[in-house]
There are 2 protein chains.
Amino acid sequence: MKTTNVADRVTAAALDLFATQGYATTSVQQIVEAAGVTKGAMYHYFQSKDDLLFAVYDRMLALQKSHLDEIVAAGGPAEEVVRAVCVDVVETSIDFLPEGTVFFRSMHMLTEPRLKEVTRRRREYHDEFAALLRRGQDEGVFRADVPRSVLVAHFFSDVHYLSHWYSPQGPETKTEVAQQLTDLFLRSIRTTAP
Amino acid sequence: MKTTNVADRVTAAALDLFATQGYATTSVQQIVEAAGVTKGAMYHYFQSKDDLLFAVYDRMLALQKSHLDEIVAAGGPAEEVVRAVCVDVVETSIDFLPEGTVFFRSMHMLTEPRLKEVTRRRREYHDEFAALLRRGQDEGVFRADVPRSVLVAHFFSDVHYLSHWYSPQGPETKTEVAQQLTDLFLRSIRTTAP
DNA sequence: GAGGGCGTACCGTCTGGTCGGTTTGCGCGA
DNA sequence: TCGCGCAAACCGACCAGACGGTACGCCCTC
């Protein structure tokens, strides 16, 4: 109970500071002060500052991947599966907005082995989504006159950009935004009129 | 000639290093070594490391804004103007891929006054584009059932994401990608079928 | 000979990380 | 119930070095 408490508080403080100040400009000292622990305690649970950053990513990647797997496993027509995936990824990205901010801003600061790991897991997600699009193309519901890689990029761009403009205090709820972005995406890749 | 040479070489070296290593992890020493000048020379032309980062942004923002103004000034139906803007911004973003990488990754590391300036100029671009969409909505060619802010975000997301996936060595040329992304965007926001 | 472009040496500060030691929690034999 | 022992949790003073930035003076050009 106490052990998890320390590690969790450090992780939360690190996420907060990384999101507001950036990874490189946040010192380990700041993190431990914000978390109300000492440096010794922190280095007892984490190997390095780098490890803190990876912990943030690890949690988010694992969650998104498990969501994707669930939705795909549920099955259905390609278009409906893509719709469900799209709505879900937008909503969870809004739930994890600070994580997203840190992710895209500071990913390149991970050390080699961890960067490889993160890249690998992103590619997994990426490939699984591309396979869905391919199924839709085979079924004839998604257009095939644009390279699939461009369609995939077009999809991830919205998710990526969320942390740059969306605010929970803004006029739109996450459910609305998820519906709207999903609708925009599907309309652009469908062969038939909506 | 010589003066510009020094400043230019420093700017180029800084851009290159910021794009590959990140702003915070690049030291002034590295920059001046890569540029083949000394720290004294560099600090003669730039006030601070922060100034170097701003110089990168300044150039890109000025260029994109002037392009936008030109295209809007040329006039035409809203849809065609938006199409031209979209194609142009994708193409110039590809021309300035390293700048884009640095921009979105390290913008938050600018000091207060310069961050304000950059934010202001981005908003200018943003507002001008939103006005175009509004015109299209008034003309009835762009859908109005989705908040304009969401449409604008949907547009900028593609531009933003380019530096994360596009490679000049990849299979698609910048012209093709510009056409494809523009097509996807327009199709999603049009009221009528293509 | 004056002044601006530039080189050199240096400064104070802060960094991520370490390490020897102390405290805490807990199973267990009596 | 107590006390023992021991591992895990935790502390915080302490590195070595790198950082951004500056002071000052040389030299070349006009």
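So that the names make sense, note that chain A is the first sequence line, chain B the second, and so on, each numbered from 1.
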Practice problem: Give every residue pair that meets the ring pair (Phe, Tyr, Trp, His ring centres under 6.0 Å) criterion with at least one member in residues 55-98 of chain A, sequence neighbours excluded. | Solution: A:Tyr57-A:Phe103
Without decimals, in angstroms, what is the distance between [X] [atom1] and [N] [atom2]?
X	N	atom1	atom2	value
A:Arg9	D:dA9	CZ	P	16 Å
B:Phe46	D:dG20	CZ	P	15 Å
A:Asn5	C:dG25	CG	P	13 Å
A:Met42	D:dG12	CE	C1'	15 Å

Give me, pair by pair, the N or O atoms of the protein and of nucleotides 21-26 of chain D that are less than 3.5 Å apart, along with how far apart they are.
| unit_1 | atom_1 | unit_2 | atom_2 | d |
| --- | --- | --- | --- | --- |
| D:dG21 | OP2 | B:Tyr43 | OH | 2.6 |
| D:dG21 | OP2 | B:Lys49 | N | 3.0 |
| D:dG21 | N7 | B:Lys39 | NZ | 3.0 |
| D:dG21 | O6 | B:Lys39 | NZ | 2.5 |

Self-check item: DNA chain C contacts among residues 11-24 of chain A, heavy-atom distance under 4.0 Å
Solution: none
Kindly write out the residues that satisfy salt bridge (Lys or Arg N to Asp or Glu O under 4.0 Å) with [X], not counting sequence neighbours, or none if the list is empty.
X	result
A:Asp95	A:Lys174
B:Asp51	B:Arg114
A:Lys39	none

Can I get a per-line list of side-chain donor-acceptor pairs under 3.5 Å for residues 71-83 of chain A, giving both atom names and the distance, sequence neighbours left out?
| unit_1 | atom_1 | unit_2 | atom_2 | d |
| --- | --- | --- | --- | --- |
| A:Glu79 | OE2 | A:Arg190 | NH1 | 2.5 |
| A:Glu80 | OE1 | A:Arg83 | NE | 3.4 |

Would you please confirm or rule out a distance under 4.0 Å between OP1 or OP2 of [N] and any side-chain N or O of [X]?
X	N	value
B:His44	C:dC6	no
A:Thr38	D:dG12	no
B:Ser27	D:dC19	yes

Quiz item: With distance as the sole test, does B:Tyr23 use its side chain to make a donor-acceptor pair with the main-chain N or O of B:Met107 at under 3.5 Å?
Solution: no
Practice problem: Would you mind classifying the nucleic acid contact of B:Thr26 as base, sugar-phosphate or nothing, using non-hydrogen atoms under 4.0 angstrom? | Solution: sugar-phosphate
For residues 138-146 of chain B, which side-chain N or O atoms pair as donor and acceptor with protein atoms under 3.5 Å away, sequence neighbours left out?
| unit_1 | atom_1 | unit_2 | atom_2 | d |
| --- | --- | --- | --- | --- |
| B:Glu139 | OE2 | B:Arg135 | NE | 3.4 |
| B:Arg143 | NE | B:Asp145 | OD1 | 2.9 |
| B:Arg143 | NH1 | A:Asp183 | OD2 | 2.9 |
| B:Arg143 | NH1 | B:Ser188 | O | 3.1 |
| B:Arg143 | NH2 | A:Asp183 | OD2 | 2.5 |
| B:Arg143 | NH2 | B:Asp145 | OD2 | 3.1 |

Quiz item: Under the side-chain contact (heavy atoms from CB on, under 4.5 Å) test, which residues partner A:Ala35, sequence neighbours left out?
Solution: A:Arg9, A:Val10, A:Ala13, A:Val37
